[in-house]
There are 2 protein chains.
Amino acid sequence: MALASVNLTKNQKTVLDILENSSEPLKAYTILFDIQKKGIKSPLQVYRALDKLIEIGKVHKIESRNSYVACKHEGCNAKTSTSFLICENCDSVTELTGNNLFSYFSKQAEKNNFNYKKHNLEIFGLCENCKLKN
Amino acid sequence: MALASVNLTKNQKTVLDILENSSEPLKAYTILFDIQKKGIKSPLQVYRALDKLIEIGKVHKIESRNSYVACKHEGCNAKTSTSFLICENCDSVTELTGNNLFSYFSKQAEKNNFNYKKHNLEIFGLCENCKLKN
DNA sequence: CTTAAAATGTTATATTATAACATTACAATA
DNA sequence: TATTGTAATGTTATAATATAACATTTTAAG
């Protein structure tokens, strides 16, 4: 079995490609409108590709924005958990990697007798560029 | 100016009431269907009440589930930031309060030259009850 | 009282996502 | 290579979530 990325199907590659070439997260219907020339005609085709890409960790969903972003980390282990810095000014998104987050959240959960499995974290504020401009 | 809770309007009270008496987060249309006997007829009436309740911190939205939960903390300051433990088995939700989260996230953001303003955190796993049952 | 801001009621519509089902591609292996 | 089971596809329809627009009413402060 080769790497997951090698096995992507046509639709999956098409969707991943547009996400990887975007400087910001994209919405499912934005993706759809942008690639209707490439053989994808229905929302379901986009959502199915996204589901698969999320499953293998190549794409993450940003829940509070209903948008999707390609993961830039080679062997990203964030198949389940995600942590983002989201700029309220320019909408840029940076993924946090340091996995001390995992152990920190485990401890927080522990205090409540809760068994940590995974998390979504979205931090909002100003990115470096926008801080300087304001 | 009295406390915000005193100033709630009829629709806002109706929506808050159903959320406070629910053991789990509710979706907007679930709320709508449940209270159509109380004079609320359209989705917009529910969403407007929710918007206001969220604004004053009496209700929080759980982004990954498109659902809403009443805040049980008297003077909840989570008007903007929220932190939840969400049980994957029974869908129960507990809100985290310890605001060491704030300073922790500030530091994480700082490392990326990002100016922290607020956050949403959703931790998934098993609650105490469901841990024992499994 | 007056008045300005907020909330309401209502209809329509936009946005996000999935159901259902028939068909096709594809890799493993007998 | 023929078989076969799994995954992916294509397509139409529809479900679920949320907002636009606008006329009207309520409310609370001065």
Side-chain angles (χ1 to χ4, degrees), chain A residues 1-19 22 24-69 79 91 120 122, chain B residues 1-19 22 24-69 79 91 120 122:
Chain A
M1 178 69 95
L3 289 173
S5 59
V6 175
N7 286 337
L8 293 180
T9 65
K10 179 170 147 292
N11 286 358
Q12 290 159 8
K13 276 179 202 151
T14 305
V15 170
L16 181 57
D17 188 58
I18 193 170
L19 281 172
S22 168
E24 16 171 274
L26 297 177
K27 294 181 168 251
Y29 278 74
T30 304
I31 294 172
L32 176 60
F33 297 147
D34 284 356
I35 60 182
Q36 286 189 324
K37 288 177 186 168
K38 297 190 181 170
I40 289 186
K41 292 175 186 168
S42 78
L44 199 43
Q45 291 173 296
V46 173
Y47 281 108
R48 285 202 281 225
L50 286 172
D51 284 349
K52 188 64 184 185
L53 292 166
I54 288 169
E55 186 189 325
I56 65 178
K58 302 294 284 184
V59 166
H60 306 311
K61 179 174 185 182
I62 300 172
E63 294 287 353
S64 66
R65 307 250 166 138
N66 297 316
S67 60
Y68 303 85
V69 65
K79 288 182 181 54
D91 286 324
N120 292 331
E122 302 177 359
Chain B
M1 177 70 94
L3 288 174
S5 59
V6 174
N7 288 336
L8 293 179
T9 64
K10 181 170 146 290
N11 286 358
Q12 289 159 9
K13 276 180 202 152
T14 305
V15 169
L16 181 56
D17 188 58
I18 194 170
L19 281 172
S22 169
E24 16 172 274
L26 298 177
K27 293 180 168 252
Y29 278 73
T30 303
I31 294 171
L32 175 60
F33 296 147
D34 285 356
I35 60 183
Q36 286 190 323
K37 288 178 186 168
K38 298 192 181 170
I40 289 186
K41 292 175 185 167
S42 79
L44 198 43
Q45 291 172 296
V46 173
Y47 282 109
R48 285 201 281 226
L50 286 172
D51 283 350
K52 187 65 183 185
L53 292 166
I54 288 169
E55 186 190 326
I56 65 177
K58 302 294 286 182
V59 166
H60 307 311
K61 180 174 185 182
I62 300 172
E63 293 288 354
S64 67
R65 307 251 167 136
N66 298 317
S67 60
Y68 303 86
V69 65
K79 288 182 182 55
D91 286 324
N120 291 331
E122 301 177 359

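The chains referred to below are lettered A, B, ... by the order of the sequence lines, with proteins before strands, and numbering in each begins at 1.
- One interatomic measurement links the two molecules: CD1 of A:I54 to P of C:dA17, which rounds to 9 Å at whole-angstrom precision.
- Stacking annotation: A:Y29 is not stacked on the base of C:dT15 (requires ring centroids less than 5.5 angstrom apart and an interplanar angle below 30 degrees).
- The backbone N or O of A:R65 sits less than 3.5 Å from a side-chain atom of A:K27, completing a donor-acceptor pair.
- Interatomic distance, B:D34 CG to B:T14 OG1, rounded to the nearest 0.5 Å: 12.5 Å.
- The distance from atom CG of A:L26 to atom P of C:dT15 is 16 Å, rounded to the nearest whole Å.
- Of all nucleotides listed (D:dA21, D:dA18, C:dA19), D:dA18 comes nearest to the side chain of B:P43.
- The side chain of B:Y47 places no N or O atom within less than 4.0 Å of a non-bridging phosphate oxygen (OP1 or OP2) of D:dA16.
- Distance from the side chain of A:Q12 is smallest to D:dA8 among D:dA8, C:dT10, C:dA20.
- If you measure from atom CZ of A:R48 to atom C1' of C:dT18, you get 10 Å, rounded to the nearest angstrom.
- Of all heavy-atom pairs between B:A49 and B:V15, the closest is CB-CG2, 3.7 Å.
- Each of A:N66 and B:T9 was assigned the nucleotide of DNA chain D with the nearest heavy atom; the assignment lying further toward the 5' end belongs to A:N66.
- A straight line from CG of B:L32 to P of D:dA15 spans 16 Å, rounded to a whole angstrom.
- Whole-Å rounding puts the A:K38 NZ to D:dT9 P distance at 16 Å.
- Closest-nucleotide positions on DNA chain D for A:K10 and B:D51 were compared, and the one nearer the 5' end corresponds to A:K10.
- Proximity of B:K27 to the phosphate of D:dT17: a side-chain N or O atom is located under 4.0 Å from OP1 or OP2.
- OP1 or OP2 of C:dA17 sits under 4.0 Å from a side-chain N or O of A:K61.
- Distances shown here put every side-chain N or O of A:K52 at or beyond 4.0 Å from the OP1 or OP2 atom of D:dA7.
- Atom-to-atom, CG of B:L44 to C1' of C:dA7 comes out at 11 Å; the value is rounded to the nearest Å.
- When distances are taken from the side chain of A:N11 to each of D:dT9, D:dA21, D:dT11, the shortest belongs to D:dT9.
- Using a distance-only test at 3.5 Å, with no hydrogens or angles considered, a donor-acceptor pair links the side chain of B:E122 to the main chain of B:E63.
- Computed from coordinates, the A:N7 CG to D:dA8 C1' distance equals 13 Å when rounded to whole Å.
- A side-chain contact (heavy atoms from CB on, under 4.5 Å) with A:Q45 holds for exactly one of A:I40, A:L50, A:I35; it is A:I40.
- Rounded to whole Å, the distance from CZ on A:F33 to P on C:dT15 is 8 Å.
- The phosphate of D:dT9 (OP1 or OP2) has no side-chain N or O of A:Q45 nearer than 4.0 angstrom.
- Taking only side-chain atoms of B:S42, from C-beta outward, the nucleotide of D:dT9, D:dT19, C:dT11 with the closest atom is C:dT11.
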